[in-house]
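Predicted, not measured: the structure shown is a model, and the values here were computed from it.
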Amino acid sequence: MLALALALHRHELIWPETYAQVVSNAVVAVVALGSLLSDPFTAQYARQSVPREFWASPVFAHVNKVLTVAWGAVFALMALSTWLAIRLPGQSDWFNWVVPVALPVWAVKFTERYPEQYKQRVARQRVA
């Protein structure tokens with residue numbers, strides 16, 4: 001935005017200012033979901049707290065794929081929500097504030113719970 005602000009005239013900045021949240025959320029969604037093609041982006045964070053000997057495990061890989069899909073979906077939904085806020089100004093409080101706050105809160109809670117739930121499910125399947 002700074003580069004655009006320096007390079008463009010004020011009237012040329014209306015679109016970038018209006019759609020900055022939409023574009024930034026969409027870009028993060030694409031990056032997150034695109035990372036599934038190589039190394040899920042959540043794995044980078046998980047490696048900071050998971051011992052190295054588990055990094056190659058199928059459980060680690062599965063958990064990080066699921067978490068990456070969840071976060072990618074959250075950012076995609078936030079892009080849609082902020083776009084709807086522009087299109088439906090009467091609902092902008094919901095689409096600009098409530099939804100974009102609720103989605104990451106849900107994702108954080110899911111991220112905190114899912115790995116352990118999945119590990120327990122895998123352990124139960126091995127016993128059965």
For Arg121 and Gln117, what are the C-alpha separation, side-chain angles and deciding distance, and is it a side-chain contact (heavy atoms from CB on, under 4.5 Å)?
CA-CA 6 Å; Arg121 188 172 7 161; Gln117 289 174 345; 5.6 Å; no
Nearest heavy atoms of Ala26 and Ala79, plus distance in Å:
N-CB, 3.7 Å
Lys109/Glu112 ion pair, N-O < 4.0 Å
no
How long is the span from the CG atom in Asn96 to the CG atom in Leu88, to the nearest 0.5 Å?
11.5 Å
Could you state whether Val99 and Val74 fall into the same hydrophobic cluster, counting links through intermediate Ile, Leu, Val, Met, Phe, Trp or Tyr residues with side-chain heavy atoms under 4.5 angstrom apart?
yes
Give a yes or no on whether the backbone of Pro100 and the side-chain of Ser81 come within a donor-acceptor separation of less than 3.5 Å.
no
CZ/Phe41 to CG/Leu67 distance, rounded to the nearest 0.5 angstrom?
8.5 Å
Passing candidate, side-chain contact (heavy atoms from CB on, under 4.5 Å) with Trp71, options Val108, Val28, Val66
Val108
Please say whether more than 12 non-hydrogen atoms of neighbouring residues, nucleotides or ligands are located less than 6.0 Å from OH in Tyr114.
yes
Hey, could you give me the CG/CG distance between Leu77 and Leu103, rounded to the nearest 0.5 Å?
5.5 Å
Nearest heavy-atom pair of Asn64 and Ala46: which atoms, and what distance?
OD1-CB, 3.7 Å
Any donor-acceptor pair under 3.5 Å linking the side chain of Thr68 with the backbone of Lys65?
no
Hydrophobic clustering (ILVMFWY, side-chain heavy atoms < 4.5 Å, transitive) - are Leu36 and Val27 grouped together?
no
Taking C-beta and beyond as the side chain, do Tyr118 and Val59 meet within less than 4.5 Å on heavy atoms?
yes
When every non-hydrogen atom of Ala76 is compared with those of Ala29, the smallest separation belongs to N-CB, 3.5 Å
Please list all pairs meeting ring pair (Phe, Tyr, Trp, His ring centres under 6.0 Å) that have one or both residues in residues 79-108, counting only residues at least two apart or in different chains.
Trp106-Phe110
For the pair Thr18 and Ile86, evaluate side-chain contact (heavy atoms from CB on, under 4.5 Å) and give the outcome as yes or no after the intermediate values.
CA-CA 8 Å; Thr18 302; Ile86 295 164; 3.9 Å; yes
What pair of heavy atoms forms the shortest contact from Ala85 to Ser92, and how long is it?
O-CB, 3.8 Å
Are Tyr45 and Phe60 linked, directly or through other ILVMFWY residues, by side chains that come within less than 4.5 angstrom of each other?
no
Residue pairs, two or more places apart or on separate chains, that pass side chain to side chain donor-acceptor pair (under 3.5 Å) and touch residues 47-59:
Asp39-Arg47
Rounded at 0.5 Å granularity, tell me how far OG1 in Thr82 sits from CG in Asn25.
5.0 Å
Any heavy-atom pair between the side chains of Tyr19 and Val22 that's under 4.5 Å?
yes
